[in-house]
Protein chains: 2
Amino acid sequence: MRIGELAARAGTTTRTLRYYESRGLLPAKRNGNGYRVYDEDDLKLLRQIRTLQDFGFDLEETRPFVECLRAGHPEGDTCPASLAVYRRKLDELDALIGELQAVRAQVGAQLVRAQRARDELAVEALAPGGPEPQCELGGILR
Amino acid sequence: MRIGELAARAGTTTRTLRYYESRGLLPAKRNGNGYRVYDEDDLKLLRQIRTLQDFGFDLEETRPFVECLRAGHPEGDTCPASLAVYRRKLDELDALIGELQAVRAQVGAQLVRAQRARDELAVEALAPGGPEPQCELGGILR
DNA sequence: GTAAGCCTTGACGCCGACGTCAAGGCAATC
DNA sequence: GATTGCCTTGACGTCGGCGTCAAGGCTTAC
């Protein structure tokens, strides 16, 4: 099959396939008139790449999987190098998720603090002079 | 103070300050010879920007905070527009964290699956012919 | 023969937040 | 007056993964 069909079958674009080839990730044979020609195995490689890309893997990180498949293994992720990428990615994800959760907590706390500061200013505007520390201010003031 | 001192006091670079100015975020007065001149309030604005940037806010998202400070409020995050940015960012963070956790789960499952596939192939290589479904294979085969 | 629909290579554009280099001006010090 | 160390503007580079356009070639259908 030619580049357009492969792209369509994998749900991507010809530009993407040419880009992968330029990176040495998905080289293609050529027919008489210079057109790229692909087979079913290439589709399998491409699907492996796309799946990992959807997971957020860098293109370079997909290379071990592709090479594993090209080496004849029925699946791209059973080779040691692929497993190593999985593990490294898990570590990265854990680290990133942890950082994001920390940021979320900080931003959440800032939001609460800023809202409380607003409420206090509003109360002061209503009853100027001093604070009236009762309770449930948030509920009353909306 | 001039640009170099402000940058140093905020732990950033002069290039960054000029970039902020080019974005209209942190305009500077000029002295006689054309040098940028800043005061303590500018340092406060800059620190607000940097804090939010460290949280992963886009530069544009810091603008309401800066304008809030410049409007005379003692803190940049008590204005409605700033609170709205906080809330939007919390939603974004929650969505992103959720996606990453889903990816993490998928990748983790793939790792387990791929490792099991390897182990089974290893067992077959040791005892060719048929499967020997005992237990603790992972432990024995390392 | 010509229009349509594939394909080719090459090259520039995009996004964000700056880094880095170039060429030159101003001020203080030796 | 010459060096040093600030400062100025302008402009190109970076990173990844492509999008998009240009100019042209091949094949098939009408």
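Keep in mind that this is a model prediction, so the values were computed, not measured. Within every chain, numbering begins at 1; the chains are lettered A, B, ... in the order of the sequence lines, protein sequences first and strands thereafter.
Remark on the helix from C:dG1-D:dC30 to C:dC30-D:dG1: inter-end axis angle 40°, axes from five-pair C1' superpositions, rounded to 10°.
Following rounding to the nearest Å, B:Leu25 (CG) and C:dC18 (C1') show an atom-to-atom distance of 14 Å. We find that CD of A:Glu5 is positioned 12 Å from C1' of C:dC6, with the value rounded to whole Å. At whole-Å resolution of the value, CZ in B:Arg18 and C1' in D:dC12 are 16 Å apart. The interatomic distance linking B:Arg30 (CZ) with C:dC26 (P) rounds to 14 Å, in whole Å. Distance CD (B:Glu21) to P (C:dC18): 15 Å, rounded to an integer number of Å. One can place CZ of B:Arg63 at 14 Å from C1' of C:dA17, the figure rounded to the nearest angstrom. Atom P of nucleotide D:dC7 and atom CG of B:Leu17 are separated by 10 Å, given to the nearest angstrom. Going from atom CZ of A:Arg15 over to atom C1' of C:dC12 covers 11 Å, rounded to whole Å.
The pair B:Asp41-B:Arg70 does not count as a salt bridge, with every side-chain nitrogen at least 4.0 angstrom from each carboxylate oxygen. Ionic pairing of A:Glu67 and A:Arg63 is not present here: no N-O contact between side-chain nitrogen and carboxylate oxygen is shorter than 4.0 angstrom.
Out of D:dG17, D:dT8, C:dA17, the shortest distance to the side chain of B:Ile3 is found at D:dT8. Taking only side-chain atoms of B:Thr16, from C-beta outward, the nucleotide of C:dG19, D:dC7, C:dA11 with the closest atom is C:dG19. Side chain of A:Tyr19, nearest nucleotide from D:dG16, D:dT8, C:dC18: D:dG16. Closest to the B:Arg2 side chain, of the nucleotides C:dC18, D:dC6, C:dC7, is D:dC6. When distances are taken from the side chain of A:Tyr35 to each of D:dC18, C:dT8, D:dG25, the shortest belongs to D:dG25.
To the nearest 0.5 Å, atom CD of residue B:Gln110 and atom CG of residue A:Leu52 are 8.5 Å apart. How far CG of B:Leu46 is from CD of B:Gln53: 10.0 Å, rounded to the nearest 0.5 Å.
Closest-nucleotide positions on DNA chain D for A:Thr13 and A:Asn33 were compared, and the one nearer the 5' end corresponds to A:Thr13.
Donor-acceptor pairing under 3.5 Å is lacking for the side chains of B:Arg15 and B:Tyr20.
Two rings, from A:Phe65 and A:Tyr86, have their centers less than 6.0 Å apart.
Among the protein residues, A:Arg23 comes within range of no part of the nucleic acid, since none of its heavy atoms lies under 4.0 Å from any strand.
A cation-pi arrangement is absent between A:Lys89 and A:Phe55 under the rule of less than 6.0 angstrom and at most 45 degrees off the ring axis.
Phosphate contact (OP1/OP2 of C:dC18, side-chain N/O of B:Gln53, threshold under 4.0 Å): present.
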